Amino acid sequence: MKHTLLYIVLLTGSLLFLTCCEGRISSDPTLQLSFSADTLRFDTLFTRQESTTLTLKVRNPHKEALLISSVTLNNGEYFRLNIDGVAGTNNKDIVLYGKDSLYIFVSCLPDHQNATTPVLIEDQILFSVNDHLQTVLLEAYGQDVHLCGKDTILQDTILTADLPYLVRDTIIFAGKVTVPAGATFYLHDYAALFFLGDVSMNGTLEQPITIRGDRLDKASTHIAYNYISGRWNGIYLLQPDETPACSWKLNYVETNSGSVGVYAVAYRTDNLPQLTLYNSRIHNFSLYGLVLQNTNATIINTEISNCASYCVYLAGGNHTFTHNTIANYFGSGLQMHSTGREDVAAVYVNNLSKKMAPMRTVFRNNIITGVRQNNLLVATPLPDYYTGTFSHNYLKADSLGIEGFANNVYATDTDTMFVCTRYAPPDYTYFDFQLDSVSPARGIADKFYSQQHPLDRLGNPRLEGKAPDAGCYQWQPTPVTNE
């Protein structure tokens, strides 16, 4: 009993001593704070738009308490501080007890930079402790933009590529729209682009037209917001009933991570619009990739990949697909999408409705594959009722007993198709649908049609050496990143 009492007394004394040390404010100038980072770096920020918040942990690693005389910003022009719930850029006389910590929340609101490219913005958080100054660097890049709200534009419009367009809400273009090479559109949550007239988006290999979400930062360590589908709405090409047939031309357009990629629809069954989609990429959408309804379309050298529903949906019109890669591995590996994948084919040809225009589909030199066993569904009342041609394609699909299927290669369970079809640990290599060296899609394309398109989507020649490959990418010993 005496020993127990002695132990309690000693323990109580030790706790009082530690509490005394932790509560005593030291004036020793050699005692310093520690920080979770020496630099807080924001991703590129759009000017006059509030940033997300970054967190800095400030810790007192010593037994004694420290008096932080002041926490200030060096210039305080663009950055804002909140210290443990208290806003302000000049906080004084903060006691940080031994082994304790506090959190500083930092945001940034960059002003107009008068520049076409991102401008570096810097500041410092200054901590004054016992006449000793410690600093944490703050960095961001401010990007000027054309800021667009909800709008309906009736006249013909020629856009520019001098600054990106930050689209905060839905924009409806009723007239003809011309978009030059290098133009970039950042769309906010649920924002969409509607086109009711002719469209000419003419990007190039070196300067593609980019349409994507407006979050440039990361949701977590390994997941950029740009990898998360459903971040914005979609691109809608609509032909009003009373207008002449629309012409929609998209060349070298890169779009990803919305709800719908390209939705091209007319509601009448005559005088159909014409879509030409060349050298483009439609990737990672929470609903559909490409929807064609009562629309004539020519799709060449384009990747359409990773959609929760159909990558390609066809209903009404004449559709020609040549040298495209249609690959649906949505959600493979790390779950990083806003919705789960539906168990549907990568390509759905809907030839059931009598309300649609007469339909004819031609697929040659394409790849149609994905995680599903059957990635091609042709829905038609009778085989003789469907008019379509599938030749020299690689198909991960059931063999269809329909006239017009010839010289296709069908997948096996042992096929290795692409460079990467997952995004997962340990290396987190992003999806890459360029061909693997042992891909069964190599050398199976019809050279006659490859001669009409001698370069693949990345500008690589198809006709050098062996027979050309199916899909939009000719195999390369060292693939170029397609992210």
Side-chain angles (χ1 to χ4, degrees), residues 42-52 108-119 140-217 224-226 228-238 248-264 277 279-285:
F42 290 80
D43 293 279
T44 300
L45 305 176
F46 302 124
T47 56
R48 300 177 182 175
Q49 304 295 308
E50 186 77 33
S51 73
T52 55
C108 183
L109 181 61
D111 201 358
H112 191 70
Q113 299 297 308
N114 296 312
T116 58
T117 57
V119 175
Y141 283 87
Q143 171 68 67
D144 288 344
V145 294
H146 296 295
L147 184 60
C148 307
K150 187 174 184 179
D151 200 359
T152 298
I153 302 173
L154 301 177
Q155 69 274 18
D156 293 350
T157 304
I158 300 176
L159 300 177
T160 66
D162 58 337
L163 295 174
Y165 291 87
L166 177 57
V167 182
R168 302 288 295 180
D169 208 326
T170 295
I171 299 179
I172 300 173
F173 295 94
K176 180 180 179 180
V177 178
T178 302
V179 183
T184 299
F185 298 83
Y186 294 108
L187 278 78
H188 194 57
D189 296 352
Y190 310 113
L193 298 175
F194 281 78
F195 300 93
L196 308 184
D198 293 350
V199 175
S200 176
M201 296 187 182
N202 194 21
T204 65
L205 175 62
E206 295 76 18
Q207 292 185 301
I209 294 167
T210 302
I211 305 174
R212 49 156 294 175
D214 68 344
R215 292 294 296 268
L216 305 181
D217 53 332
Y225 276 104
N226 199 37
I228 302 175
S229 66
R231 296 301 308 173
W232 52 285
N233 192 323
I235 303 166
Y236 295 86
L237 307 173
L238 306 178
W248 302 318
K249 298 180 180 179
L250 282 66
N251 189 26
Y252 284 107
V253 175
E254 303 263 352
T255 183
N256 67 281
S257 302
S259 296
V260 178
V262 176
Y263 186 88
L277 179 64
N279 305 311
S280 296
R281 185 174 184 241
I282 300 171
H283 173 70
N284 192 38
F285 284 85

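One is the number of the first residue; the rest follow in order along the sequence. Just so you know, these numbers come straight off a predicted model, no measurement behind them.
With contacts defined as side-chain heavy-atom distances shorter than 4.5 Å, the pair Tyr186/Leu216 qualifies. Considering only heavy atoms from C-beta on, Ile211 comes within 4.5 Å of Met201 through its side chain. For the pair Leu163 and Gln143, the minimum side-chain heavy-atom distance is below 4.5 Å. Side-chain atoms of Ile282 and Leu277, non-hydrogen and from C-beta on, do get closer than 4.5 Å to each other. By the 4.5 Å heavy-atom criterion applied to side chains, Val145 and Arg48 are not counted as neighbours. Ile153 places none of its side-chain heavy atoms less than 4.5 Å from the side chain of Ile172.
One distance of note links CZ of Arg231 with OG of Ser259; it measures 10.5 Å at 0.5 Å rounding. Note that CG of Leu187 is 8.0 Å distant from OG1 of Thr255, once rounded to the nearest 0.5 Å. Interatomic distance, Asn233 CG to Thr170 OG1, rounded to the nearest 0.5 Å: 6.5 Å. Atom OG1 of Thr184 sits about 12.0 Å away from atom CG of Leu166, to the nearest 0.5 Å. Interatomic distance, OH of Tyr225 versus CG of Asp214, reported as 11.0 Å (0.5 Å rounding). Atoms CZ and CG, on Phe195 and Leu250 in that order, are 8.0 Å from each other to the nearest 0.5 Å.
Aromatic ring pairs are classed by plane angle as parallel below 30°, tilted from 30° to 60° and perpendicular above 60°; the pair Phe285 and Trp232 is perpendicular.
Residues Trp248 and Gly197 approach most closely at NE1-O, 3.1 Å, considering heavy atoms. Across all non-hydrogen atoms, the minimal contact from Ala191 to Asp169 is CB-O, 3.7 Å. When every heavy atom of Cys148 is checked against every heavy atom of Ile171, the shortest pair comes out as CB-CD1, 3.5 Å. Here the closest heavy-atom approach between residue Gln207 and residue Thr204 is recorded as N-OG1, 2.8 Å. Arg168 approaches Leu147 most closely through the heavy-atom pair CG-CD1, 3.6 Å. Phe46 and Pro110 make their closest contact through O-CG, 3.8 Å (heavy atoms, listed as atom of the first residue, atom of the second, distance).
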| Steps toward side chain to side chain contact (heavy atoms under 4.5 Å, CB included) verdict (Phe42, Asp217) | CA-CA 8 Å; Phe42 290 80; Asp217 53 332; over 6 Å; no
| task | Please lay out, stage by stage, how Val179 and Phe185 fare under the test side chain to side chain contact (heavy atoms under 4.5 Å, CB included). | result | CA-CA 11 Å; Val179 183; Phe185 298 83; 3.9 Å; yes
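A donor-acceptor contact shorter than 3.5 Å links the side chain of Gln113 to the backbone of Asp111. Distance alone, capped at 3.5 Å, places no donor-acceptor pair between the Thr178 side chain and the Ile158 backbone. Between the Thr157 side chain and the Gln155 main chain, a donor and an acceptor come within less than 3.5 Å of each other. For Asp156 (side chain) and Lys176 (main-chain N/O), a donor-acceptor pair under 3.5 Å exists by modelled atom type. Checked by atom type and distance alone, the side chain of Tyr165 pairs as donor or acceptor with a backbone atom of Thr160 at under 3.5 Å.
With sequence neighbours excluded, no residue forms a ring-ring contact (aromatic ring centres under 6.0 Å, His included) with His112.
Within a 6.0 Å radius of OH in Tyr236, other residues, nucleotides and ligands contribute more than 12 heavy atoms. Residue Phe194 places its CZ atom among more than 12 non-hydrogen atoms of other residues, nucleotides or ligands, all under 6.0 Å distant.
Side chains of Asn256 and Asn284: a donor-acceptor N/O pair is absent below 3.5 angstrom, by distance only. Thr47 and Asp144 are linked by a side-chain donor-acceptor pair at a separation below 3.5 angstrom, with hydrogens and angles left out of the test.
Of the residues Ile228, Asp43, Thr52, the one that meets the side-chain contact (heavy atoms from CB on, under 4.5 Å) test with Arg215 is Thr52.
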